[in-house]
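What follows is a single structure, written as structure tokens, with notes after it.
Quantities reported herein were computed from a predicted structural model and do not represent experimental measurements. Numbering of ligands and ligand atoms starts at 1, following listing order.
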Amino acid sequence: MIQPNAKFHSATVKTIGLCAVLSLAACGEKKQEKAEEAETTTTKETKTYLSEPLVSDLYTADPSAHVFEGKIYIYPSHDIDAGVKENDNGDHFAMKDYHIFSMDSIGGKVTDHGVALDVKDIPWAGRQLWAPDVAFKNGTYYLYFPLKDKNDVFRMGVATSKSPAGPFKAEKEPIAGSYSIDPAVFTDDNGESYMYFGGIWGGQLQRWATGKYDANGSKTDGQDDTKPALSCKVAKMSKDMLHFDGAVKDVVIVDKEGNQLLTGDHDRRFFEGSWVHKFNGKYYFSYSTGDTHYLAYATGDNPYGPFTYQGTFMDPVQGWTTHHSIVEIKGKWYIFYHDTQLSGKTHLRNIKVTELKHSADGSIELIKP
Ligand code: FUB
């Protein structure tokens with residue numbers, strides 16, 4: 001597993017560790033000396049970041065951004081330190097509620113609208129409120145969220161509000177036929193909406209490889225690197241936006257020769273965190289490659305794909321996860337993303353924004369976060 005922030009961690013741990021082993025008095029006597037030493041260590045290892053955290057009094061991640069009612073609304077996960085040990089199932093991502101944020105413009109003041117939905121108010125809830133998204137239709141805002149049910153199986157829930165800032169009221173049951181994580185709802189120019197979802201490892205997508213839930217599914221994932229990779233899923237939304245309208249389909253990603261990306265192709269295959277935007281009539285399907293930490297994209301001619309792999313457009317951020325959304329605001333395109341600048345810890349992230357540029361040939365320029 002690549003740890004892009006390993007150097008940053010070692011600086012922090014070293015400075016704290018030095019004071020912990022000395023007595024308080026000794027720490028006082030040596031204050032000047034230690035301060036100088038700490039300063040030298042920090043200076044040597046300082047990182048520069050492309051942009052600064054949008055929110056610094058809460059930990060936030062997985063930002064889905066939209067323009068609603070003339071403002072920019074951000075729907076992130078709300079990271080907390082629940083004291084759960086880190087593992088590949090992502091148990092340490094033990095989030096319990098959502099806050100919604102808004103801005104009048106990029107660079108403007110960020111307003112926290114408070115708790116929009118709490119896990120205790122979701123009738124079917126087990127644990128772990130992960131990356132959400134929001135769509136608007138029929139005069140209503142729909143908040144889609146992944147949450148483990150009482151059997152510890154991730155399902156997609158939906159909650160509604162008349163305001164983009166919430167609060168949201170959850171439906172009594174998860175969306176029938178939904179599973180896994182990271183819902184991203186794209187509404188096409190003709191008004192049809194589609195939910196893209198899925199994530200492997202902790203996101204449980206591999207447990208659905210046969211079409212039925214298999215709690216041991218993780219044992220078979222990734223064993224045959226020469227087989228087609230697991231695909232992200234897409235389902236058309238019903239007119240009332242509360243159900244899937246028809247079957248869940250695979251979002252197939254192919255290379256330029258038309259061959260489906262393979263399980264062993266960790267630098268390119270889908271892992272989690274999908275998003276779809278439309279630019280110059282083309283559908284851009286973008287996603288995280290997970291264990292290789294890239295944001296990659298593929299393009300297609302319709303919402304179902306297949307999508308042809310084009311490349312990566314964001315290098316690894318500080319922290320293990322990478323998750324984004326792409327939105328057009330006043331004629332410019334922006335990417336909302338996260339890293340771990342504030343905490344240095346994988347599960348305590350902070351959301352950011354920076355400009356995203358499409359080149360004349362339609363490719364997305366590489367962003368170095
Ligand atoms: O926030 C929990 C999980 O981490 C998300 O669902 C993934 O996309 C990753 O960012």
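Within the listing of ligand 1, atoms 6 (O) sit less than 4.0 angstrom from a heavy atom of Ile181. Ligand 1 places these atoms under 4.0 Å from at least one heavy atom of Asp182: 5 (C), 6 (O), 7 (C), 8 (O). Applying the 4.0 Å criterion to heavy atoms of His338 picks out, from ligand 1, the atoms 10 (O). Using a 4.0 Å cut-off to heavy atoms of Thr321, the atoms of ligand 1 that qualify are 4 (O), 9 (C), 10 (O). Residue-ligand proximity, His323 to ligand 1, at heavy-atom distances under 4.0 Å covers atoms 7 (C), 8 (O), 10 (O). The atoms of ligand 1 that sit less than 4.0 Å from any heavy atom of Met95 are 1 (O), 2 (C).
Remark: aromatic rings of Tyr284 and Trp275 are distant, center separation not under 6.0 Å. Taking the six-membered ring wherever Trp is involved, the centroid distance between the rings of His277 and His358 falls below 6.0 Å.
A cation-pi contact, defined as under 6.0 Å to the ring centre and within 45° of the axis, links Lys249 to Tyr304. Annotation: cation-pi geometry not satisfied between Arg207 and Tyr213 (NZ/CZ under 6.0 angstrom from ring centroid, within 45° of ring axis).
The heavy-atom pair separating Pro167 from Ser161 by the smallest distance is O-OG, 3.1 Å.
Counting heavy atoms closer than 4.0 Å to ligand 1, residue Arg349 contributes side-chain atoms (C-beta onward) but none from N, CA, C or O.
The side-chain contact (heavy atoms from CB on, under 4.5 Å) test with Asn138 singles out one residue from Phe136, Tyr141, Tyr142, and that residue is Tyr142.
Among protein heavy atoms, the minimum distance from atom 3 (C) of ligand 1 is reached at Trp130 CE3, 3.8 Å. Shortest contact from atom 9 (C) of ligand 1 to any protein heavy atom: Glu272 OE2, 3.4 Å.
Atom CZ of residue Phe285 and atom CD1 of residue Ile253 lie 5.0 Å apart, to the nearest 0.5 angstrom.
By the 3.5 Å distance cut-off applied to N or O atoms, Asp62 is counted among the residues near ligand 1.
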